[in-house]
Structures are given as structure tokens and as C-alpha cells.
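I have placed the structure first, in the form of C-alpha cells, so that the comments after it can refer back to it.
Quick note: residue numbers are just sequence positions, from 1. None of the values given here were measured: they were computed from a predicted structure.
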Amino acid sequence: MFQGVMFPRLKKYWVYEVIKMKKKITSRILSGMVIGIVIGYIISILISLIWANGYYSPCVPELKAVMGSEINAVMFQTALCALLGAGFSAASLIWQKENWSIVKQTGIYFSVISVIMMPIAYLTYWMEHSVAGFFSYFAVFALIFVVVWIVQFTVGKQNVKKMNKQLKRE
């Protein structure tokens with residue numbers, strides 16, 4: 001009798017957990033898409049300010065040439081920025097795996113976002129289409145990743161120290 005009563009409850013619990021996880025992933029992906037588009041536009045504005053001599057350049061000339069028009073290139077780039085944001089956002093769930101070491105989380109996260117980032121950078125012509133272009137873009141990407149990781153790790157470590165200090169006072 002005990003198993004017969006508990007199994008439906010257990011099954012309902014797992015269904016609830018699956019639905020909850022699907023909602024969380026969907027929410028992350030949708031918010032990531034919006035953030036990806038916003039960041040893409042901010043970067044295009046900053047690049048235009050620095051290199052476009054007072055004009056707005058929403059995408060690189062090579063992409064415009066390949067896509068046939070600027071609007072096609074911008075729509076394509078915007079869709080890929082949305083995909084990039086969604087991928088980064090969904091991949092950030094890796095950091096919630098508490099039973100994984102920080103090294104494992106970092107390695108898997110970096111691998112996942114690299115697999116997302118590099119093809120998009122290639123397709124949008126953000127990198128030169130050569131072996132040297134690929135490796136130089138990847139090096140810059142990895143350097144930015146390392147800097148952001150160190151900053152976040154340091155901030156997190158300081159927050160833990162503050163919490164521990166407050167716990168000792170209580």
C-alpha cells in the first residue's frame with residue numbers, strides 16, 4: 001500500500017520538476033535572445049563610433065555583400081545575435097551544477113559557448129575567413145572570457161568572505 005500511495009505523488013513531483021525546468025530554460029532562452037540583440041546593437045554602435053567616421057555601420061561590408069543588401073545582412077546578424085544570446089543564457093545553467101567542480105563547470109561552459117560563438121562569428125564575418133583569422137579571433141574571445149571569469153570569481157569570493165564575516169558576528 002505504501003508504494004501505491006507514494007508512486008503517484010513521486011510521479012507528480014517529477015512532472016512538476018520537469019515543467020519547472022522547461023519554464024526556466026524557456027525563460028532563459030527568451031531573455032538571452034533579447035540581451036543578445038541588445039548587446040549586438042550596442043557593439044555595432046560602439047564600432048561605428050570608433051571606425052565609421054560619423055556614420056552608423058550596422059554590419060561589416062563583407063556580410064552586406066554576401067547577403068545582397070544591408071537590410072538582409074542586418075536581419076541575418078540580428079537573428080544570429082539572438083541565437084548567440086540564447087545560447088550563452090542557456091549555457092549559464094552549467095554554473096548551477098553544484099556537484100561539479102569549478103574547473104569542470106568552467107571547461108564545459110567555455111567549450112559550449114565556443115561552439116556557439118565561433119560559427120556565428122564566422123558567418124557574420126566578425127572574423128577574417130582564414131586559419132589565422134580564426135585563431136586570432138579565438139584568442140581574443142578566450143582572453144575576454146578569462147578576464148570576465150577572473151573578475152566574476154574575485155567578486156564572488158569577496159561576497160563569500162563578507163557573508164562568512166557576517167555569520168561569525170551573529
Quiz prompt | Partner set under ring pair (Phe, Tyr, Trp, His ring centres under 6.0 Å) for Phe138, not counting sequence neighbours | solution =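 Ring pair (Phe, Tyr, Trp, His ring centres under 6.0 Å) check on Phe138 returns Phe110.
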Are any of the side-chain heavy atoms of [X] and [Y] separated by less than 4.5 Å?
X: Ser92; Y: Arg28; value: yes
X: Glu128; Y: Tyr137; value: no
X: Pro61; Y: Tyr125; value: no

Practice problem: For atom OH of Tyr56, decide whether the heavy atoms of other residues, nucleotides or ligands shown that lie under 6.0 angstrom number more than 12. | Solution: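 Yes, the 6.0 Å shell around OH holds more than 12 heavy atoms from other groups.
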Cluster overlap [X] with [Y], hydrophobic side-chain contacts below 4.5 Å:
X: Val146; Y: Met118; result: yes
X: Ile39; Y: Val34; result: no
X: Val112; Y: Val103; result: yes
X: Val115; Y: Tyr109; result: no
X: Phe135; Y: Ile113; result: yes

For [X] against [Y], the heavy-atom pair lying closest together:
X: Ser111; Y: Gly107; value: OG-O, 2.8 Å
X: Cys59; Y: Leu63; value: CB-CD2, 4.1 Å
X: Met127; Y: Phe134; value: SD-CA, 3.8 Å

Practice problem: Begin with the C-alpha distance, continue with both residues' side-chain angles, and end with the deciding distance and a verdict on side-chain contact (heavy atoms from CB on, under 4.5 Å) for Phe88 and Ile35. | Solution: CA-CA 10 Å; Phe88 272 63; Ile35 292 168; over 6 Å; no
Kindly compute the distance separating [atom1] ([X]) from [atom2] ([Y]), expressed to the nearest 0.5 Å.
X: Leu84; Y: Ile120; atom1: CG; atom2: CD1; value: 4.5 Å
X: Arg169; Y: Gln166; atom1: CZ; atom2: CD; value: 6.0 Å
X: Tyr16; Y: Met21; atom1: OH; atom2: CE; value: 11.5 Å
X: Thr154; Y: Asn159; atom1: OG1; atom2: CG; value: 11.0 Å
X: Lys157; Y: Ile150; atom1: NZ; atom2: CD1; value: 12.0 Å

Results of side chain to side chain contact (heavy atoms under 4.5 Å, CB included) for [X] - residues two or more places apart only:
X: Leu30; answer: Thr26, Met33
X: Ile47; answer: Ile43, Trp51
X: Asn164; answer: Val160, Leu167

Practice problem: For the pair Ser57 (side chain) and Ser48 (backbone), establish whether a donor and an acceptor sit closer than 3.5 Å, ignoring hydrogens and angles. | Solution: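 Checked: no pair found.
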Quiz prompt | Donor-acceptor pair, side chain of Ser89 and main chain of Gly85, under 3.5 angstrom | solution =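 Judged by distance alone, no pair lies under 3.5 Å.
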Quiz item: Does the side-chain contact (heavy atoms from CB on, under 4.5 Å) test come out yes or no for Lys24 and Leu93, once each step is laid out?
Solution: CA-CA 10 Å; Lys24 189 176 194 177; Leu93 290 171; 4.3 Å; yes
Could you pull out all donor-acceptor pairs under 3.5 Å where a side-chain atom in residues 67-83 meets a protein atom, sequence neighbours excluded?
unit_1	atom_1	unit_2	atom_2	d
Ser69	OG	Asn72	N	3.2
Ser69	OG	Asn72	ND2	3.2
Asn72	ND2	Met67	O	3.4
Gln77	OE1	Trp126	NE1	3.2
Gln77	NE2	Pro58	O	2.7
Thr78	OG1	Tyr41	OH	3.2
Thr78	OG1	Val74	O	2.7

Exercise. Would you sort out whether Tyr13 and Glu17 count as a side-chain contact (heavy atoms from CB on, under 4.5 Å), showing the intermediate values?
Key: CA-CA 6 Å; Tyr13 172 76; Glu17 285 297 315; 3.6 Å; yes
Quiz prompt | Parallel, tilted or perpendicular: rings of Phe153 and Trp149 (30°, 60°) | solution =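 Aromatic pair Trp149/Phe153 classed parallel.
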Quiz prompt | Transitive ILVMFWY cluster of Ile144, excluding itself - 4.5 Å side-chain cut-off | solution =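 ILVMFWY cluster around Ile144 also holds Val140, Val148.
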Quiz item: When you look at Trp100 and Trp95, which way does the side-chain contact (heavy atoms from CB on, under 4.5 Å) test go after all the steps?
Solution: CA-CA 9 Å; Trp100 288 1; Trp95 300 114; over 6 Å; no
